Peer 1: 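Mind looking over this structure? Questions follow.
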Amino acid sequence: MSKQPIEAQYRDAMNAIAEVLSEALEGQGFALLVFDFGDKGRMNYISNARREDMIVAMKEFISRNEFGDQPEQEQ
């Protein structure tokens with residue numbers, strides 16, 4: 001897996017958004033994905049979590065949304 005830096009044209013905006021999210025969502029993990037529509041295939045990523053933890057969270061999100069594997073709500 002390639003660990004390319006954020007493309008220069010998005011770096012300042014993504015870092016500013018990440019800072020606002022960190023303050024607004026204190027204590028919560030997040031990821032911001034910025035990508036090109038179409039066939040270009042480039043995705044920029046920033047998160048406040050460790051990369052390994054974010055990969056686990058993304059896989060869980062995909063599983064729940066792609067296969068309908070929603071956990072039961074606590075009552």
Side-chain angles (χ1 to χ4, degrees):
M1 179 184 308
S2 175
K3 294 182 183 179
Q4 299 176 347
I6 297 171
E7 291 175 281
Q9 72 251 33
Y10 305 120
R11 186 174 298 121
D12 289 343
M14 289 181 70
N15 278 296
I17 293 167
E19 186 174 324
V20 169
L21 287 173
S22 288
E23 292 174 10
L25 303 172
E26 185 177 339
Q28 300 295 303
F30 69 85
L32 173 63
L33 306 174
V34 176
F35 55 92
D36 295 315
F37 287 111
D39 298 341
K40 294 182 182 180
R42 176 65 198 256
M43 181 179 299
N44 293 280
Y45 161 91
I46 194 166
S47 175
N48 67 341
R50 289 182 349 176
R51 187 178 201 88
E52 297 80 18
D53 294 336
M54 206 67 246
I55 290 170
V56 170
M58 286 182 195
K59 286 179 180 178
E60 182 178 323
F61 173 82
I62 291 167
S63 176
R64 289 180 179 182
N65 287 276
E66 187 173 39
F67 304 113
D69 182 23
Q70 296 290 330
E72 293 184 26
Q73 296 291 324
E74 290 185 24
Q75 297 184 11

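Fair warning: this is a prediction, and the values are worked out from it, not measured in the lab.
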Peer 1: If you take all heavy atoms of Arg51 and Tyr45, which pair is closest and at what distance?
Peer 2: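 Reported closest heavy-atom pair: NH1-CE2, 4.0 Å.
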Peer 1: Nearest 0.5 Å, please: how far is CG in Asn48 from CD in Glu26?
Peer 2: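 Rounded to the nearest 0.5 Å, the CD-CG separation comes out at 11.5 Å.
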Peer 1: Distance from Met54 atom CE to Arg50 atom CZ, nearest 0.5 Å?
Peer 2: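 Between atom CE of Met54 and atom CZ of Arg50 there are 12.0 Å.
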Peer 1: Measuring from Asn15:CG to Ile6:CD1, what's the distance to the nearest 0.5 Å?
Peer 2: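 Spacing of CG (Asn15) from CD1 (Ile6) equals 5.0 Å.
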Peer 1: Inspect the surroundings of CD in Glu7 and state if more than 12 heavy atoms from other residues, nucleotides or ligands are less than 6.0 Å away.
Peer 2: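 Yes, enclosed.
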Peer 1: Quick one: closest heavy-atom pair of Pro5 and Arg42, and the distance?
Peer 2: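 Scanning both residues completely, I find the closest heavy atoms to be O-NH2, 2.6 Å.
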Peer 1: Report the distance from atom NZ of Lys59 to atom CD of Glu66, rounding to the nearest 0.5 Å.
Peer 2: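 One finds 13.0 Å between NZ of Lys59 and CD of Glu66.
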Peer 1: Are Phe37 and Met43 joined in one hydrophobic group, where the rule is that I, L, V, M, F, W and Y side chains link up if heavy atoms are under 4.5 Å apart?
Peer 2: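 Same hydrophobic cluster.
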Peer 1: From Leu21 CG over to Leu32 CG, what is the distance, rounded to the nearest 0.5 angstrom?
Peer 2: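 CG of Leu32 is found 7.0 Å from CG of Leu21.
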Peer 1: How long is the span from the CD atom in Gln9 to the CE atom in Met14, to the nearest 0.5 Å?
Peer 2: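 Going from CD on Gln9 over to CE on Met14, the span is 11.0 Å.
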Peer 1: Using the rule that two of Ile, Leu, Val, Met, Phe, Trp, Tyr join whenever any of their side-chain heavy atoms come within less than 4.5 Å, decide whether Leu33 and Ile55 are in one cluster.
Peer 2: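 Different hydrophobic clusters.
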Peer 1: How close do Ser47 and Phe30 get, heavy atom to heavy atom, and via which atoms?
Peer 2: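 Nearest pair, atom of Ser47 first, then Phe30: OG-O, 2.6 Å.
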